[in-house]
Amino acid sequence: MPDVVTRFAPSPTGYLHIGGARTALFNWLFARRNGGKFLLRIEDTDQERSTPGAVKAILEGLTWLGITWDEGPYFQMERMALYRKEAERLLAEGRAYRCVCTPEELDARREAARARGEKPHYDRRCRNLPPGEAEGKPSVVRFLAPLSGRTVVRDLLRGNVAYENEQLDDLVLLRTDGSPTYNFVVVVDDATMGITHVLRGDDHLNNTPRQILLYEALGYPLPRFGHFPLIHGMEGGKLSKRQDDVSVTAYRDRGFLPEAMINYLVRLGWGHGDQEIFSVEELQKIFSLESVGKSPSRFDPEKLLHVNAHYIKTGEPDRLAVLLVPFLRRRGIEAEPSAWLAKAVRTFQERSRTLEEMAEASEYYFRRKDPDPKTAEKFLTPEMAPLLEEIARELADLPDFTPVAMEPVLLRAAENRGVKLGKVAQPVRVALTGGTVSPGLFEVMDVLGRDEVIRRLLHASGTIRGG
RNA sequence: GUCCCCAUCGUCUAGUCUGGCCAAGGACACCGCCCUUUCACGGCGGCGACCGGGGUUCAAAUCCCCGUGGGGACGCCA
């Protein structure tokens, strides 16, 4: 058994979101760093809300990020017999009892308690039900929690956190239909799966003392606990579906690179001196819980964009070409990965923050784009027609159609007219790309190829003369 | 309401454990300049923070207390 076994245990009620992805990442890195194992477990005991589609989406998200699990995915629905057995045991040992209160009654009492300014807790009235009273009635199984004393959570990140047991609740272990609830299964599973480090979001800190009590009642050894600060949206507070983009795959579909996502996510709540850029390999060597902060952080799409730009800038053109293809197709451009596409990619690596941006910006490599009237009027003026034709002619005569050979052609054209290069370059750029913004002119020509360059230059001059 | 957690630039953070090296460093964003065939990239510079109040100490961003603020939890959700 390795010294470290961690897990990620999402509930399949939606896609993999940013917060869950970071929790998975931290667990994974911690396991890898310590030569341990990382398991995946699907918490699907809520049959109302769990869906197969969500399971698929979560696995897809993790796979895209490159977060690999050593065991699983385990499904709790397949482990029902175990939970029932453990619940029976607690019942038999008098550490759990049947409760016949209905959800409606509980709701009403909760409301009343809140109105009185009390903590809205179950009042434990079924604790002393006469034997047999619950027979034949719908009932749940509740944990018989201690009424006094205190439970201390020894948290790896926060130190010791003490709770008065009287603040805790007799939580429901088994629902009326016999299915187990979260706080119960999580304990049974973590214990039986040999999880050594339970590392999860801060929203679970308050559950931990109850779970510790359950560990004790069940006679399980206690794992170590660690609670990460939550990730908030830019408005503060939990990431919300409405205000923030929270799905990991949505970022994939918008042209973000997985390594950028990992890099950005790991820096939310964790730091390593002044360093900003980390490869996964490096993270697996240096990630540590000690460097995880305690305060919540905000998810900032601007910075993610910056990190993604970095990875696009430094990425392998061949790989980026492969990744770019779907984004081109989405724009109706049937492209295939190729050396040519990689060359095209190279010209945009320093000016695209996402693959989506790259696909959009590089459209004119695949089909001619005509300038809008305003741009045409400004740059494709009547006196430009002979110039474009002259340039086309000279380019046609070039022994080698290379950037170094092209440059003197434009330089000469500018010199002959006594203007700066820019005066000539912009009209050519508009003729070639339909716009005033593009990679270096000679790079663009190189990608387009001699024939297409000449074709577009003459088309532009033809338009000027004809219109 | 009760319980719990947290608190350094607008944002992510370094520094806090082991007080002095901090007139607080880096990154994103923003602004200016340079480079330049456009846009970017890059380079240089600027703006910008220790939540407040008490204490401890020769010395506090760092330790303690109290406020305040933010967040989380209080479910037959996870």
Side-chain angles (χ1 to χ4, degrees), chain A residues 9-13 43-46 48-50 99 101-103 106-107 110 113-122 138-142 153 155 157-159 161-164 167-169 171-183 185-186 200-209 227 229-230 232 234 236-238 264 267-277 290-291 293-307 309 313 348-353 361 407 410-411 414 420-426 428-430 433 435-442:
Chain A
S11 64
T13 52
E43 311 237 320
D44 56 354
T45 55
D46 183 355
E48 300 280 303
R49 300 198 292 171
S50 299
C99 166
C101 299
T102 65
L106 294 173
D107 275 349
R110 253 194 296 274
R114 228 184 271 270
R116 271 179 272 123
E118 293 168 15
K119 203 169 167 73
H121 267 167
Y122 175 58
S139 66
V140 299
V141 175
R142 276 185 190 277
V153 179
D155 192 278
L157 280 88
R158 293 167 200 283
V161 184
Y163 294 82
E164 295 301 327
Q167 295 288 339
L168 275 21
D169 222 345
L171 33 87
V172 171
L173 269 24
L174 257 35
R175 303 186 180 95
T176 306
D177 66 2
S179 65
T181 58
Y182 167 74
N183 278 294
V185 284
V186 76
R200 74 248 284 200
D202 217 5
D203 45 345
H204 287 288
L205 184 57
N206 286 319
N207 283 326
T208 310
H227 291 89
L230 264 22
H232 290 166
M234 278 312 274
K238 274 184 156 177
Y264 177 69
R267 286 283 292 103
L268 243 35
W270 178 85
H272 187 72
D274 285 342
Q275 193 174 338
E276 296 284 348
I277 299 298
E290 291 74 50
S291 316
K294 296 191 209 176
S295 47
S297 42
R298 292 190 186 202
F299 181 78
D300 181 4
E302 277 298 325
K303 183 137 189 193
L304 205 211
L305 226 29
H306 169 79
V307 175
K313 207 179 306 164
F348 273 109
Q349 280 181 274
E350 286 189 340
R351 47 204 108 219
S352 311
R353 295 185 298 177
E407 190 166 0
L410 277 267
L411 246 22
K420 302 241 275 183
L421 180 58
K423 287 288 176 200
V424 175
Q426 278 307 74
V428 172
R429 172 170 282 114
V430 170
T433 69
T436 55
V437 170
S438 84
L441 251 195
F442 309 121

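As the structure is a prediction and not an experimental result, all values here were calculated from the model. Quick note on labels: first sequence line is chain A, next is B, and so on, each numbered from 1.
In this entry the distance linking CD of A/Glu407 with C1' of B/rU37 reads 9 Å, nearest Å. Regarding A/Tyr122, its OH atom lies at a distance of 13 Å from the P atom of B/rG75, rounded to whole Å. A/Phe299 places its CZ atom 15 Å from the C1' atom of B/rA29, with the value rounded to the nearest Å. Residue A/Asp169 contributes atom CG, which lies 12 Å from atom C1' of B/rC76 at whole-angstrom precision. Taking atom NE2 of residue A/His272 and atom C1' of nucleotide B/rG15, one finds them 15 Å apart after rounding to whole Å. Between the OH atom of A/Tyr264 and the C1' atom of B/rU13 there is a distance of 11 Å, rounded to whole Å. In this structure, CZ of A/Arg298 is placed 9 Å from C1' of B/rG70, rounded to the nearest angstrom. For A/His121 and B/rC76, the NE2 to P distance is 11 Å, given to the nearest whole Å.
Between A/Arg429 and A/Ala9, the one whose closest nucleotide on RNA chain B sits nearer the 5' end is A/Arg429.
Separating the CZ atom in A/Arg267 from the CG atom in A/Leu304 is a distance of 13.0 Å, to the nearest 0.5 Å. To the nearest 0.5 Å, atom CD of residue A/Glu407 and atom CZ of residue A/Phe442 are 4.5 Å apart. Considering CZ of A/Arg114 and NE2 of A/His121, their distance stands at 10.5 Å, rounded to 0.5 Å. Between atom NZ of residue A/Lys420 and atom CG of residue A/Leu411 there is a gap of 12.0 Å, rounded to the nearest 0.5 Å. Atom OH in A/Tyr122 sits 12.0 Å away from atom CG in A/Leu171 (nearest 0.5 Å). To the nearest 0.5 Å, atom CG of residue A/Leu441 and atom CD of residue A/Gln426 are 7.5 Å apart.
Between A/Arg267 and B/rA27 there is no side-chain N or O to OP1 or OP2 distance below 4.0 Å. Phosphate proximity of B/rG1 to A/Arg110: absent, as no side-chain N or O sits under 4.0 Å from OP1 or OP2.
Side chains of A/Asn206 and A/Tyr163: a donor on one and an acceptor on the other come within 3.5 Å. Side-chain atoms of A/Arg49 and A/Thr13 include no donor-acceptor pair closer than 3.5 Å.
When the nucleotides B/rU38, B/rU37, B/rA29 are ranked by their closest atom to the side chain of A/Glu302, B/rA29 comes out on top. Side-chain proximity of A/Glu350 to the nucleotides B/rA40, B/rA78, B/rC3 is greatest for B/rA40. Out of B/rG71, B/rU37, B/rC76, the shortest distance to the side chain of A/His232 is found at B/rG71. Nearest to the side chain of A/Gln426, among B/rU38, B/rG26, B/rA78, sits B/rU38.
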Find every protein N or O atom lying less than 3.5 Å from an N or O atom of nucleotides 4-7 of chain B, and list the pairs.
| from | atom 1 | to | atom 2 | distance (Å) |
| --- | --- | --- | --- | --- |
| B/rC4 | O2' | A/Tyr163 | OH | 3.1 |
| B/rC5 | O2' | A/Arg158 | NH1 | 2.7 |

Polar pairs (N or O, both sides) under 3.5 Å between protein and nucleotides 42-50 of chain B?
| from | atom 1 | to | atom 2 | distance (Å) |
| --- | --- | --- | --- | --- |
| B/rG42 | OP1 | A/Lys313 | NZ | 3.3 |

List every contact pair, protein side and nucleotides 61-64 of chain B side both N or O, where the distance is under 3.5 Å.
none

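A/Thr181 comes within 4.0 angstrom of the backbone, heavy atoms only, and of no base. Residue contacts shown for A/Leu230 are limited to sugar-phosphate atoms, with no base heavy atom under 4.0 Å away. Base contact: A/Arg114 has a heavy atom under 4.0 Å from a base atom. Within 4.0 Å (heavy atoms only), A/Pro439 reaches at least one base atom of the nucleic acid. Across all strands shown, A/Ser438 has heavy atoms under 4.0 Å from base atoms, whether or not it also approaches the sugar-phosphate. Contacts of A/Glu276 with the nucleic acid, taken as non-hydrogen atoms under 4.0 Å apart, include base atoms. Using a 4.0 Å heavy-atom cutoff across all strands shown, A/Asp107 reaches no nucleic acid atom at all. Among the protein residues, A/Cys99 comes within range of no part of the nucleic acid, since none of its heavy atoms lies under 4.0 Å from any strand. Residue-level contact check: A/Thr45 touches the backbone only, with heavy atoms under 4.0 Å from sugar-phosphate atoms and none from bases. Within 4.0 Å of A/His204, counting heavy atoms only, lies at least one base atom of the nucleic acid. Across all strands, A/Gly435 comes closer than 4.0 Å to no nucleic acid atom at all (heavy-atom distances).
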request  = Give the intermediate values and the outcome of side-chain contact (heavy atoms from CB on, under 4.5 Å) for residues A/Val186 and A/Arg200.
outcome  = CA-CA 12 Å; A/Val186 76; A/Arg200 74 248 284 200; 4.2 Å; yes

request  = Would you sort out whether A/Asp202 and A/Arg158 count as a side-chain contact (heavy atoms from CB on, under 4.5 Å), showing the intermediate values?
outcome  = CA-CA 10 Å; A/Asp202 217 5; A/Arg158 293 167 200 283; 3.4 Å; yes

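With a cut-off of 3.5 Å on both pairing distances, B/rU36 has no Watson-Crick or G-U wobble partner at all. Base pairing of B/rA23: no nucleotide in any strand meets the Watson-Crick or G-U wobble criterion (both distances under 3.5 Å).
A/Asp155 contributes no side-chain N or O that, together with a main-chain N or O of A/Val161, makes up a donor-acceptor pair within less than 3.5 Å. Proximity of a side-chain donor or acceptor of A/Thr181 to a complementary backbone N or O of A/Val172 within less than 3.5 Å is detected.
Between A/Tyr264 and A/Phe299, the two ring planes are perpendicular [angle over 60°; tilted spans 30° to 60°].
Rounded to whole Å, the separation between the P atoms of B/rG10 and B/rG52 comes to 13 Å. The P atoms of B/rC28 and B/rC22 are separated by 23 Å, rounded to the nearest whole Å. Taking the P atom of each, B/rA14 and B/rG70 are spaced 24 Å apart, rounded to whole Å.
The two atoms that bring A/Gly201 and A/His227 nearest to each other are O-CD2, 3.3 Å, heavy atoms only.
Residue-to-nucleotide contacts include a donor-acceptor pair under 3.5 Å from the side chain of A/Lys303 to the base of B/rA27.
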